[in-house]
Asker: 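One structure is given below, represented as structure tokens, and several questions about it will come after.
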Amino acid sequence: MTDEPDIPFDLPVIYEDEHIIVVDKPHFLPTMPRGMWYRSTALMRLRELYGQEDIIPAHRLDRLTAGIVVFVRDKDVRGKYQLLFQNKKAIKIYECLAPMAPVHIRHPHYGTTRCLSSHQPGGVFPIERRSRIVKVHHILQAFEEPGEVNAHTIIDLSSQQREDVVRAGYRAYTLYPRTGKTHQLRVHMNSLGLPIKGDDFYPDMKKREYDDFSDPLQLIARSLEFVDPCSGQLHHFESRYQLDI
């Protein structure tokens with residue numbers, strides 16, 4: 001594509017060494033080329049910036065989600081960093097804005113939901129959500145179905161609550177994914193009747209023009225922590241992006 005639409009947001013590099021480059025990806029910017037997006041992706045921007053064709057992502061982040069992403073620039077060690085994420089050795093924490101109370105009262109059709117707050121009488125959160133999530137090629141939405149569990153998320157209330165957010169009927173949630181299925185956090189929040197603000201896919205598909213960057217999905221990969229498989233250093237990275245009502 002020679003006439004590719006531009007995505008007008010910077011891609012800050014917050015850390016780099018001889019092996020990795022860590023970025024704070026903005027909303028709407030794809031991690032890798034897909035569909036109509038090629039140059040306007042985090043991967044191609046980094047390859048052009050550094051002049052290094054061997055740069056690849058160690059993991060992925062949805063186009064509509066903002067936050068921390070790690071890229072590997074040294075092809076000789078890329079497998080070590082990819083295995084770090086595949087083997088769930090990296091600790092990921094997300095934040096989102098969703099309704100204060102369920103917008104529909106029903107139990108999820110599939111999977112299990114367990115309250116983990118037995119030590120707090122009357123408490124609801126944190127909640128453990130486990131289900132089987134499937135993403136079919138060429139279908140934009142992922143969905144839950146019966147079968148072996150492959151998606152596991154812990155959902156809790158955020159310790160920080162802004163008055164303007166509460167007045168608007170939303171609150172901040174902290175999400176701890178134990179697995180990394182496509183759209184996992186969005187599907188799990190929606191299954192609880194708490195669809196994430198700005199979500200164009202769940203519960204219903206909404207049409208958005210390719211150049212409409214208003215009302216971004218209020219989901220942020222807030223922090224990422226892992227022990228570097230090459231240096232042994234403990235890395236901890238925090239996103240600069242804020243939830244916005």
Side-chain angles (χ1 to χ4, degrees), residues 1 4-15 21-49 55 57-71 85 90 92-99 135 140-142 153 155 158 160 162 164-165 168-177 180-190 194-224 237-245:
M1 178 174 288
E4 179 182 352
D6 181 47
I7 298 179
F9 303 109
D10 294 334
L11 179 67
V13 173
I14 61 175
Y15 175 83
I21 302 168
V22 182
V23 302
D24 197 3
K25 188 187 80 65
H27 296 285
F28 300 108
L29 185 72
T31 300
M32 298 179 64
R34 185 178 181 183
M36 69 187 301
W37 309 111
Y38 181 75
R39 291 192 65 189
S40 289
T41 63
L43 175 62
M44 300 313 295
R45 285 189 183 185
L46 289 178
R47 286 183 176 180
E48 185 173 338
L49 176 65
I55 294 175
H59 61 116
R60 300 187 186 187
L61 201 60
D62 286 348
R63 183 177 76 88
L64 299 179
T65 305
I68 303 299
V69 187
V70 177
F71 289 81
F85 290 90
K92 302 177 182 179
I93 299 178
Y94 289 68
E95 289 182 342
C96 74
L97 279 184
K135 177 68 169 63
L140 295 178
Q141 288 177 313
T153 307
I155 302 164
S158 176
Q160 297 183 350
R162 290 185 356 222
D164 60 331
V165 171
Y170 291 89
R171 73 177 307 151
Y173 296 83
T174 304
L175 312 176
Y176 305 88
K181 303 302 292 184
T182 300
H183 295 182
Q184 175 179 318
L185 301 180
R186 298 160 68 180
V187 170
H188 276 173
M189 288 295 288
N190 181 61
L194 301 170
I196 298 174
K197 186 179 184 299
D199 198 334
D200 293 338
F201 288 11
Y202 308 97
D204 302 308
M205 292 292 299
K206 303 180 183 66
K207 181 176 175 56
R208 180 193 290 263
E209 297 298 326
Y210 70 86
D211 58 351
D212 180 1
F213 303 119
S214 63
D215 194 22
L217 176 71
Q218 292 303 298
L219 177 63
I220 298 170
R222 174 60 61 206
S223 69
L224 177 65
F237 303 109
E238 294 270 347
S239 175
R240 65 173 182 170
Y241 295 105
Q242 299 299 315
L243 297 171
D244 186 9
I245 196 65

Asker: How long is the straight-line distance from OH of Tyr241 back to CG of Asp24, given to the nearest 0.5 Å?
Answerer: 5.0 Å
Asker: Could you go through Ile55 and Leu43, starting from their C-alpha distance and side-chain angles, then the distance that decides it, and tell me whether this counts as side chain to side chain contact (heavy atoms under 4.5 Å, CB included)?
Answerer: CA-CA 7 Å; Ile55 294 175; Leu43 175 62; 4.1 Å; yes
Asker: Quick check: are there more than 12 heavy atoms from other residues, nucleotides or ligands sitting under 6.0 Å from NZ of Lys92?
Answerer: yes
Asker: Restricting to non-hydrogen atoms, name the atom on His27 and the atom on Leu64 that form the minimum distance, rounded to 0.1 Å.
Answerer: ND1-O, 3.0 Å
Asker: To the closest 0.5 Å, what do you measure between OH (Tyr38) and CD (Glu4)?
Answerer: 9.5 Å
Asker: I want to check something: taking the side chain as every heavy atom from C-beta on, are Pro26 and Leu11 in contact at a cut-off of under 4.5 Å?
Answerer: yes
Asker: What closest approach, in Å, do Ala221 and Ser239 show between heavy atoms, and which atom pair accounts for it?
Answerer: O-CB, 3.6 Å
Asker: Around atom CZ of Arg39, are there more than 12 heavy atoms from other residues, nucleotides or ligands closer than 6.0 Å?
Answerer: no
Asker: Which residues pass the ring-ring contact (aromatic ring centres under 6.0 Å, His included) test with Tyr210, sequence neighbours left out?
Answerer: none
Asker: Roughly how far, to the nearest 0.5 Å, is CZ of Arg34 from CZ of Arg60?
Answerer: 8.5 Å
Asker: Find out whether Pro177 and Leu185 are in side-chain contact, i.e. whether some heavy atom of one side chain is under 4.5 Å from a heavy atom of the other.
Answerer: yes
Asker: Is it the case that the side chain of Gln218 and the backbone of Ile196 share a donor-acceptor pair, with hydrogens and angles ignored and the cut-off at 3.5 Å?
Answerer: no
Asker: Which residues pass the side-chain contact (heavy atoms from CB on, under 4.5 Å) test with Asp6, not counting sequence neighbours?
Answerer: Pro8, Ser40, Arg45
Asker: Mind running side chain to side chain contact (heavy atoms under 4.5 Å, CB included) on Val23 and Ile68 for me, showing each step along the way?
Answerer: CA-CA 6 Å; Val23 302; Ile68 303 299; over 6 Å; no
Asker: With rounding to the nearest 0.5 angstrom, report the NE2 to CG distance, His59 to Leu224.
Answerer: 5.5 Å
Asker: Within the side chain of Asp10, is there an N or O that forms a donor-acceptor pair under 3.5 Å with the backbone of Pro12?
Answerer: no
Asker: Which value, rounded to the nearest 0.5 Å, describes the distance between Phe71 atom CZ and Ile21 atom CD1?
Answerer: 8.5 Å
Asker: Is any side-chain heavy atom of Tyr15 less than 4.5 Å from a side-chain heavy atom of Val13?
Answerer: no
Asker: Under the side-chain hydrogen bond (donor to acceptor under 3.5 Å, both in side chains) test, which residues partner Asp62, sequence neighbours left out?
Answerer: none
Asker: Give me the atom names and distance for the closest heavy-atom approach of Leu140 to Lys135.
Answerer: O-CE, 3.2 Å
Asker: Does Leu29 form a side chain to side chain contact (heavy atoms under 4.5 Å, CB included) with Phe9? I'd like the steps, not just the answer.
Answerer: CA-CA 8 Å; Leu29 185 72; Phe9 303 109; over 6 Å; no
Asker: Any non-hydrogen side-chain atom of Trp37 less than 4.5 Å from a side-chain atom of Arg63?
Answerer: yes
Asker: Could you walk me through whether Thr65 and Leu217 pass the side chain to side chain contact (heavy atoms under 4.5 Å, CB included) test, one step at a time?
Answerer: CA-CA 6 Å; Thr65 305; Leu217 176 71; 3.8 Å; yes
Asker: Any side-chain heavy-atom pair from Val70 and Phe85 closer than 4.5 angstrom?
Answerer: yes
Asker: Would you say the side chain of Tyr94 lies within less than 4.5 Å of the side chain of Thr174, judging by non-hydrogen atoms?
Answerer: no
Asker: If I compare all heavy atoms of Gly67 with all of Ile220, which pair ends up nearest, and what's the gap?
Answerer: CA-CG2, 4.5 Å
Asker: Of Lys206, Arg186, Arg208, which meets side chain to side chain donor-acceptor pair (under 3.5 Å) against Asp200?
Answerer: Arg208
Asker: To the nearest 0.5 Å, tell me how far Leu61 CG sits from Met32 CE.
Answerer: 13.5 Å
Asker: Just jot down the side-chain contact (heavy atoms from CB on, under 4.5 Å) partners of Pro99, sequence neighbours excluded, or say none.
Answerer: Val103, Tyr170, Leu194, Pro195
Asker: Report the C-alpha distance between Glu95 and Arg222 in whole Å, list the side-chain angles of each, state the deciding distance to 0.1 Å, and finish with yes or no for salt bridge (charged side-chain N to carboxylate O under 4.0 Å, His left out).
Answerer: CA-CA 6 Å; Glu95 289 182 342; Arg222 174 60 61 206; 3.0 Å; yes
Asker: Contact between Ser158 and Arg171 at the side-chain level, heavy atoms closer than 4.5 Å - yes or no?
Answerer: no
Asker: So, using side-chain hydrogen bond (donor to acceptor under 3.5 Å, both in side chains) as the criterion, who are the partners of His183 when residues are at least two apart?
Answerer: Tyr202
Asker: Applying side-chain contact (heavy atoms from CB on, under 4.5 Å), name anything that partners Ser223, two or more places apart in sequence or on another chain.
Answerer: Ile93, His236, Glu238
Asker: Got Pro30 and Ile7 here, is their nearest side-chain heavy-atom distance under 4.5 Å?
Answerer: yes
